[in-house]
Each structure stands twice: as C-alpha cells, then as structure tokens.
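For reference, the structure discussed in these notes is given below.
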Amino acid sequence: TLPIDLIWIKDSQVVGFDENLEPQGNVLDSNLATYSSPGEVDNVLEVAAGTAGRMGIKAGDRVSVKLGAH
C-alpha cells in the first residue's frame, strides 16, 4: 500500500485536497482515520502522494476526466 492524495471535486472543480495520506495497517476499521471534504462534493479523486503538489493543483482548478482505452 502506498500513500495517496485525495482531491475533492464538485461540479468539475477542485474544492480542496488532502495530501500525503499514509496507509493505516493493522488498525481495526472502527479506529481508522476518516477524511472529510472541505464542503459538498460529488467526486473524489485518489492519486499517488505528491501528485497534487507536483501538478500545482489548487482549489478552483477545473477538472476534466477522459475515459477510454490507452
């Protein structure tokens, strides 16, 4: 398991993010940390830790997701 960044999204716009979240091994489900969005969201994007900072992602950025074969 690897650390991740969570990018919170509402209406295709970044509303916030949590960075460098470490995996929690050997923890009961009832003791796991929870992460809450900074407001109402309709999507959350999980990416490798450091991605948000490396890409300069900030609240207000527009998000476009392209699905399909590589």
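Side chains included, hydrogens not; waters and symmetry mates left out as well; all remaining heavy atoms used. Predicted, not measured: the structure shown is a model, and the values here were computed from it. Along the sequence shown, residues carry numbers from 1.
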Write down the atom of [X], the atom of [Y], and the distance for their closest heavy-atom approach.
{"X": "A52", "Y": "F17", "answer": "CB-CD1, 4.2 Å"}
{"X": "D42", "Y": "K10", "answer": "OD1-CA, 3.4 Å"}
{"X": "G60", "Y": "Q13", "answer": "O-NE2, 3.1 Å"}

Listed by chain and number, what are the side chain to side chain donor-acceptor pair (under 3.5 Å) partners of S12, not counting sequence neighbours?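 Listed in chain order: nothing, the list is empty.
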
Set of side chain to side chain donor-acceptor pair (under 3.5 Å) partners for D61, sequence neighbours left out: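 With sequence neighbours excluded, D61 shows a side chain to side chain donor-acceptor pair (under 3.5 Å) to K58, given in chain and number order.
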
Checking W8 against D18 for the side-chain hydrogen bond (donor to acceptor under 3.5 Å, both in side chains) test, could you report, in this order, the C-alpha distance in whole Å, the side-chain angles of both residues, the deciding distance, and whether it holds? CA-CA 8 Å; W8 305 100; D18 291 306; 3.1 Å; yes

Non-hydrogen side-chain atoms of I9 and V41 separated by less than 4.5 Å: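 Not touching, per the 4.5 Å side-chain cut-off.
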
Are any of the side-chain heavy atoms of V14 and I7 separated by less than 4.5 Å?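 The answer is yes; the side chains approach within 4.5 Å.
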
As an exercise, state the distance from [atom1] of [X] to [atom2] of [Y], rounded to the nearest 0.5 Å.
{"X": "I4", "Y": "E19", "atom1": "CD1", "atom2": "CD", "answer": "12.0 Å"}
{"X": "E46", "Y": "L6", "atom1": "CD", "atom2": "CG", "answer": "5.5 Å"}
{"X": "L45", "Y": "I57", "atom1": "CG", "atom2": "CD1", "answer": "7.5 Å"}

Could you list the donor-acceptor pairs under 3.5 angstrom formed between side-chain atoms of residues 24-39 and any protein atom two or more places apart in sequence or on another chain?
unit_1, atom_1, unit_2, atom_2, d
Q24, OE1, A33, N, 2.9
S37, OG, G39, O, 2.4

Between V15 and L21, is there shared hydrophobic-cluster membership here, with clusters defined by ILVMFWY side-chain heavy atoms closer than 4.5 Å?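 Yes; L21 is reachable from V15 via cluster members.
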
